[in-house]
Every structure is written in C-alpha cells, then in structure tokens.
*Asks:* 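The structure under discussion is supplied below as structure tokens; questions concerning it will follow.
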Amino acid sequence: MKVAVLISGGVDSAVAVHRLLEQGHDLHLFYIRIGLDTDEGDCSAEEDIEMCRFIAERYRLPFDIVSLHQEYWDNVMEYALRTVREGLTPNPDIMCNKMIKFGFFEQRWGHEFDRTATGHYATTVDGDDGLVYLGTAVDLVKDQTDFLAQISYDQLSHLMFPIGDMPKSRVREIAVETRMPNAYRRDSQGICFLGKINYNDFIRRHLGERPGAIVELETGRKLGEHRGFWFHTIGQRKGLGLSGGPWYVVRKNVHDNVIYVSRGYDTEKQYGHALHLAEMHWITRDPWPEACENVEITFKNRHTPEFMPATLSRVPGTESEYIITSPGRVQGIAPGQFGVIYNPEKTICLGSGVISGGNINV
C-alpha cells in the first residue's frame, strides 16, 4: 500500500514510520512547514526538519517539505484569534487537524496515496455496519482522539494510526531498540505547529492589551486588574496575580471587560453539571438519528485522560444542539471549547460540538 506519512521530528511519528515499513508499506514522508507570525526564523522547525531528514535517509525514503503557511494563518489562527476576541476559548489543535493536516494536505498531496498515516494516539475500528469509526488509543493517558473529533468521515477513511495500539512506553522502547536519535526527545507542548511559542505573547501581538477589573463573583469586590479578558479562560487558576488564593476564573463579561473569580481549591463556582453543545459534528454517522434523550455516553470537555460518564439529549426542535448532563461535577466548562462524545465503553469517539454559554452553571 502506498502511504503518505506526516512526520514531525518527534519520536511518535518516527516509530510510526518504522512500524509501517515492518508491515511492508511503500512510504513517502512529508513535513508540513508553518512559519511563525513574526519575521524571525523558527529554530525548533529547523531542528524538526533535520530530524525528519535523518529518518528519511536512514530508511531510504522519499521526503518532502510542504508549506501550508498561508492556509494555516488564514484558517486556524484566524479562527483562534476571532474566538478569543469574542471571549471564548478556542482549540487550535482540533481545527488544525481538520483543516490543515487532513484538509489542505489531503487535497494537495495525500489524495495521491492509498492512505495517510500519522503518529497520533488513536485507532480506526471497523463497525458491524461496514463503516469505519474513530477508536481510542490503547494508552488512554496519551489518547488524542479529542483532537481528531472534528474530522470528516472521508478524512477518517483515508487515515492510518500505526502506534495507536501501543502504550507510549512501548513506543519509546522501539525508538531505543532501533537507535533513533529522537528516542529521548520530549513531546511537544505547543499549539499545533507553533512549537514553543508563548501563548500570551502571541495573543498580545495580535490583540494588544485592554486593562480591566478582576472581581470576586460572590461579593462584587474588585481584587485587581487584568490586561485583557482574552488572556484568561474559564477554570484558569495560574497567572491572575492575586494573593490569598487560590482564585479561579469562573465568568467573563466581555462587554464590560470584567473577569470574575472565586476563591478556594474546591469552590462550587468552578463546576457545572450541564454543557450545551452547538454545531454538533458526528464523524461517521449520527448514532441516534430518530431520537436522542438521556442516552448514556462518556465525554471530555478538555484534553485529559479522564472520560466522564453522562447522558446526552438533543435540544427539542433543533438538529445540531445537544445537552450533556453529568452526575459528577465538571470543572472548567469553557465556552468555545469542544465537548467530545464517546460511547460508554470509551472505545469509540463519536463526534463533538462547540460548548456554548447557553446552559452553563457558574
């Protein structure tokens, strides 16, 4: 099988290449280059490319660097900045996978191959109905299906995840056994392609600063000032500059540029039990096309190893609005983020919707 492999310079995609070759596939390696939003060079990208070249040369594989710089800034980061400006919390990684890695790349290069493979921790599952489903990884701590929860069925059907059936520890072992130079390289923690960029510096460059009040929700007492509501998200604890805490961001008033906080490690204002989802996207198909009321599911509302049990109901009179109701307390319900829906067994990622501010308890 002819496979296009998206590699990053990290250990996961390198081991994905090794496994695909063991399985006998014909590989062509690709690195997607995205420049920074400044005129400065991206040192981390050069280091990544050098590592990718080493992998390609070692296995004698064709390797191309392809640029999707403009597409990335016109789509993913424009979405991120627009969302932040509206007082919401974006998820650039979800949109990057949907629009760049499996969108523009597939349209221009990936479609020429039988499959496209990545080093994501995910799997594909053949359903009894003959359709393909997005499956969770064996290593639930490293599982990345929440970052893939907006891809289309056509995109999923063309994908391979060679390391999704292994724990991260085994991936590292293979890298050591095969003497890969990136065997001990740390996992990237940046925003999608942006590597080690400082998030607040990035936001400041594009949106500037707009000082406003930080107010205790319960008392209305002003505790300090922030430099712009777009630097803060619901559930945030660090970076507020307040003493006598811990303090958590529990609400934002975008119109008046006010951040509301509540004190205590276990303040109830951190939590809610209901999430309103808009623009629901089902990856393979709508599991409940006729009726969806109090259906048992598990879900995530942020990138975490924990799958929370809940029920899902469609809002009456709508086609794509749903309510997640959790018996447990859900921390950090941030409008703009995605609620990702899984089956009760935590084996299949069914889809995701955007968390709105409609039915959130704060």
Side-chain angles (χ1 to χ4, degrees), residues 37 76-95 191 194 197-279 300-304 315 321 323-326 328-339 352-362:
D37 61 326
V76 178
M77 297 320 293
E78 189 279 331
Y79 142 80
L81 291 170
R82 182 185 72 250
T83 304
V84 168
R85 194 181 291 115
E86 292 170 356
L88 307 174
T89 302
N91 193 318
D93 294 285
I94 283 183
M95 300 309 288
I191 305 169
L194 295 186
I197 189 171
N198 182 287
Y199 181 75
N200 280 350
D201 288 346
F202 167 76
I203 295 297
R204 187 176 290 107
R205 277 200 299 275
H206 290 272
L207 300 184
E209 295 187 354
R210 185 184 166 197
I214 300 176
V215 174
E216 185 174 16
L217 182 65
E218 292 83 355
T219 66
R221 181 168 57 104
K222 180 179 177 180
L223 302 175
E225 281 202 343
H226 61 80
R227 300 192 175 205
F229 64 77
W230 40 71
F231 294 112
H232 304 284
T233 188
I234 304 298
Q236 176 182 337
R237 178 167 72 90
K238 297 181 179 179
L240 292 170
L242 301 177
S243 60
W247 297 95
Y248 287 86
V249 176
V250 294
R251 183 181 295 173
K252 295 195 286 187
N253 183 329
V254 175
H255 182 268
D256 296 327
N257 193 28
V258 175
I259 298 291
Y260 290 96
V261 297
S262 188
R263 180 166 56 184
Y265 282 108
D266 206 34
T267 170
E268 281 298 323
K269 298 300 180 181
Q270 286 185 64
Y271 302 97
H273 291 275
L275 294 82
H276 179 273
L277 303 185
E279 305 172 37
K300 294 183 182 183
N301 67 308
R302 53 199 174 96
H303 186 54
T304 170
V315 176
E321 294 184 35
I323 300 291
I324 296 174
T325 305
S326 170
R329 302 185 303 171
V330 184
Q331 197 268 342
I333 303 173
Q337 283 279 18
F338 289 84
S352 62
V354 181
I355 299 173
S356 80
N359 293 336
I360 294 176
N361 302 319
V362 294

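Because the structure is predicted, anything quoted here is derived from the model rather than measured.
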*Asks:* If you round to the nearest 0.5 Å, how far is CD of Glu218 from OH of Tyr260?
*Replies:* 12.0 Å
*Asks:* For Glu279, which residues count as a side chain to side chain donor-acceptor pair (under 3.5 Å) partner, sequence neighbours excluded?
*Replies:* none
*Asks:* Taking side-chain contact (heavy atoms from CB on, under 4.5 Å) as the definition, give me every residue that meets it alongside Thr219, ordered by chain and number, with sequence neighbours left out.
*Replies:* Glu216, Arg221
*Asks:* Are any of the side-chain heavy atoms of Val215 and Val261 separated by less than 4.5 Å?
*Replies:* no
*Asks:* If you measure from CD1 on Ile234 to OH on Tyr248, what distance do you get to the nearest 0.5 Å?
*Replies:* 13.5 Å
*Asks:* Asn91: what forms a side chain to side chain donor-acceptor pair (under 3.5 Å) with it, not counting sequence neighbours?
*Replies:* Gln337
*Asks:* If I compare all heavy atoms of Val250 with all of Ser262, which pair ends up nearest, and what's the gap?
*Replies:* CG1-CB, 3.9 Å
*Asks:* Are any non-hydrogen side-chain atoms of Leu277 and Ile324 less than 4.5 angstrom apart?
*Replies:* yes
*Asks:* Rounded to the nearest 0.5 Å, how far does NE2 of His273 lie from CD1 of Ile323?
*Replies:* 14.5 Å
*Asks:* Side chains of residues 226-233: which donor-acceptor pairs under 3.5 Å do they make with residues two or more places apart or in other chains?
*Replies:*
unit_1, atom_1, unit_2, atom_2, d
His226, ND1, Gly228, N, 2.9
His226, NE2, Asn257, O, 2.9
Trp230, NE1, Gly208, O, 3.1
His232, ND1, Gln236, OE1, 3.4
His232, ND1, Gln236, NE2, 3.1
Thr233, OG1, Thr89, OG1, 2.4

*Asks:* Apply side-chain contact (heavy atoms from CB on, under 4.5 Å) to Thr83 and list each qualifying residue two or more places apart in sequence or on a separate chain.
*Replies:* Tyr79, Leu88, Pro90
*Asks:* Could you give me the CA-CA distance, side-chain angles and deciding distance for Ser356 and His276, then say whether side-chain hydrogen bond (donor to acceptor under 3.5 Å, both in side chains) is met?
*Replies:* CA-CA 6 Å; Ser356 80; His276 179 273; 2.6 Å; yes
*Asks:* Go through the steps to decide whether Lys238 and Trp247 satisfy the test side-chain contact (heavy atoms from CB on, under 4.5 Å), and finish with yes or no.
*Replies:* CA-CA 8 Å; Lys238 297 181 179 179; Trp247 297 95; over 6 Å; no
*Asks:* Do any N or O atoms from the side chain of Asp256 and from the backbone of Val258 form a donor-acceptor pair under 3.5 angstrom?
*Replies:* no
*Asks:* Answer yes or no: is there a side-chain heavy-atom contact under 4.5 Å between Leu275 and Asn301?
*Replies:* yes
*Asks:* With heavy-atom distances below 4.5 Å as the criterion, would you say the side chains of Arg251 and Leu217 are in contact?
*Replies:* yes
*Asks:* Among residues at least two apart in sequence or on other chains, which ones pass side-chain contact (heavy atoms from CB on, under 4.5 Å) with Glu78?
*Replies:* Arg82
*Asks:* Of all the heavy-atom pairs spanning Arg210 and Val254, show the shortest one and how long it is.
*Replies:* NH1-O, 4.0 Å
*Asks:* Hey, what do you get for CG (Leu223) to CZ (Arg263), rounding to the nearest 0.5 Å?
*Replies:* 8.5 Å
*Asks:* Which heavy atom of Arg237 sits nearest to which heavy atom of Leu240, and what is that distance?
*Replies:* O-CD1, 3.7 Å
*Asks:* Does any non-hydrogen side-chain atom of Met77 lie less than 4.5 Å from one of Phe202?
*Replies:* yes
*Asks:* Could you tell me which residues satisfy salt bridge (Lys or Arg N to Asp or Glu O under 4.0 Å) with Arg204, sequence neighbours excluded, listed by chain and number?
*Replies:* Asp201, Glu209
*Asks:* Check salt bridge (Lys or Arg N to Asp or Glu O under 4.0 Å) between Lys252 and all other residues, then give those that pass, not counting sequence neighbours.
*Replies:* none
